[in-house]
Amino acid sequence: MSLEKLTIGTIVEQALQDGYMTPSLAQEIGSICEISEISVDDYIALDRLFGQLLTDEAIAIPGKQFINVMEALVLIEASVQVLKMEVSNPCLLDLGEIAAYALNRLPPLYATTEEGASFQRQRGKEELRELITQKVKEAIARSPMPG
């Protein structure tokens with residue numbers, strides 16, 4: 001389904017046809033509601049969708065319910081290394097590019113709960129600290145120096 005010129009009615013029809021409502025479609029409905037008046041037909045369509053969701057004839061797919069703890073560990077390490085470099089040699093390095101390079105060379109540490117995230121964070125700090133540091137250094141070395 002194209003996301004051009006969507007109406008609440010077409011989004012609801014698609015969700016009912018598919019049997020599920022995705023977070024992006026729910027967000028699209030929210031955007032439409034923010035910028036325009038909702039018609040009677042839109043209210044009827046939403047009522048049908050809510051009815052289907054309540055009776056489990058359609059399901060709402062939840063948004064992201066997991067995190068990759070490695071992202072935070074890499075961003076912290078990259079920030080520390082870049083700040084140390086910029087003290088002696090002021091330059092503007094792209095932190096996002098450095099983190100992406102390192103993350104693509106490190107194992108992910110996914111978690112779905114705060115307890116799991118704490119476990120993965122500790123594991124990353126204890127078992128993967130040296131590898132994280134090494135990959136961030138490699139990323140910085142490969143980064144183009146502006147200037």
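The basis for the numbers below is simple: all heavy atoms, side chains too, and nothing from hydrogens, waters or symmetry mates. Treat the numbers as computed from the prediction; the structure is a model and nothing was measured.
For the atom pair Gln81 CD and Ile140 CD1, the distance stands at 4.5 Å (nearest 0.5 Å). Residue Ser143 holds its OG atom at 5.5 Å from CG of Leu93, rounded to the nearest 0.5 Å. Considering CZ of Arg123 and CE of Met70, their distance stands at 8.0 Å, rounded to 0.5 Å.
Side-chain heavy atoms closer than 4.5 Å link hydrophobic residues (I, L, V, M, F, W, Y) into clusters, and following such links, even through other members, never connects Ile61 to Phe66. Following chains of ILVMFWY side-chain contacts shorter than 4.5 Å, one can reach Ile8 starting from Phe50, so the two form part of one hydrophobic cluster. Grouping the Ile, Leu, Val, Met, Phe, Trp and Tyr side chains by contacts below 4.5 angstrom, directly or via other members, places Leu131 with Val69.
Contact detail for Leu53 and Ile59: the closest heavy-atom pair is CD2-C, 3.6 Å. Nearest heavy atom pair, residue Gly124 against residue Leu73, reads CA-CD1, 3.8 Å. Summarising the geometry of Met21 relative to Ala26, their closest heavy-atom pair is SD-N, 3.7 Å, with the distance given to 0.1 Å.
Screening residues 29-41 for salt bridge (Lys or Arg N to Asp or Glu O under 4.0 Å) gives no qualifying pairs among residues at least two apart or on separate chains. Sorted pairs that involve residues 8-41 and meet ring-ring contact (aromatic ring centres under 6.0 Å, His included), not counting sequence neighbours, are lacking altogether.
No hydrogens or angles considered: nothing links the side chains of Thr113 and Glu115 as a donor-acceptor pair under 3.5 Å.
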Kindly determine whether Thr10 and Gln14 satisfy side-chain contact (heavy atoms from CB on, under 4.5 Å), including the steps that lead there. CA-CA 6 Å; Thr10 58; Gln14 185 66 45; over 6 Å; no
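Take Gln27 and apply the side-chain hydrogen bond (donor to acceptor under 3.5 Å, both in side chains) test, not counting sequence neighbours, and it matches no residue.
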For residues 42-49, which side-chain N or O atoms pair as donor and acceptor with protein atoms under 3.5 Å away, sequence neighbours left out?
| residue | atom | partner | partner atom | Å |
| --- | --- | --- | --- | --- |
| Asp42 | OD2 | Ser39 | N | 3.4 |
| Asp42 | OD2 | Ser39 | OG | 3.4 |
| Arg48 | NH1 | Glu13 | OE2 | 2.5 |

Review item, side-chain donor-acceptor pairs of residues 104-112, under 3.5 Å, at least two apart:
| residue | atom | partner | partner atom | Å |
| --- | --- | --- | --- | --- |
| Asn104 | ND2 | Ala100 | O | 3.1 |
| Arg105 | NE | Tyr101 | OH | 3.4 |
| Arg105 | NH1 | Tyr101 | O | 2.8 |

Could you give the side-chain donor-acceptor pairs of residues 132-139 under 3.5 Å, partners two or more places apart or in another chain?
| residue | atom | partner | partner atom | Å |
| --- | --- | --- | --- | --- |
| Thr133 | OG1 | Arg129 | O | 3.0 |
| Gln134 | NE2 | Glu138 | OE2 | 3.2 |

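Contact annotation: the side chain of Gln52 never approaches that of Val12 to less than 4.5 Å [non-hydrogen atoms, C-beta and beyond].
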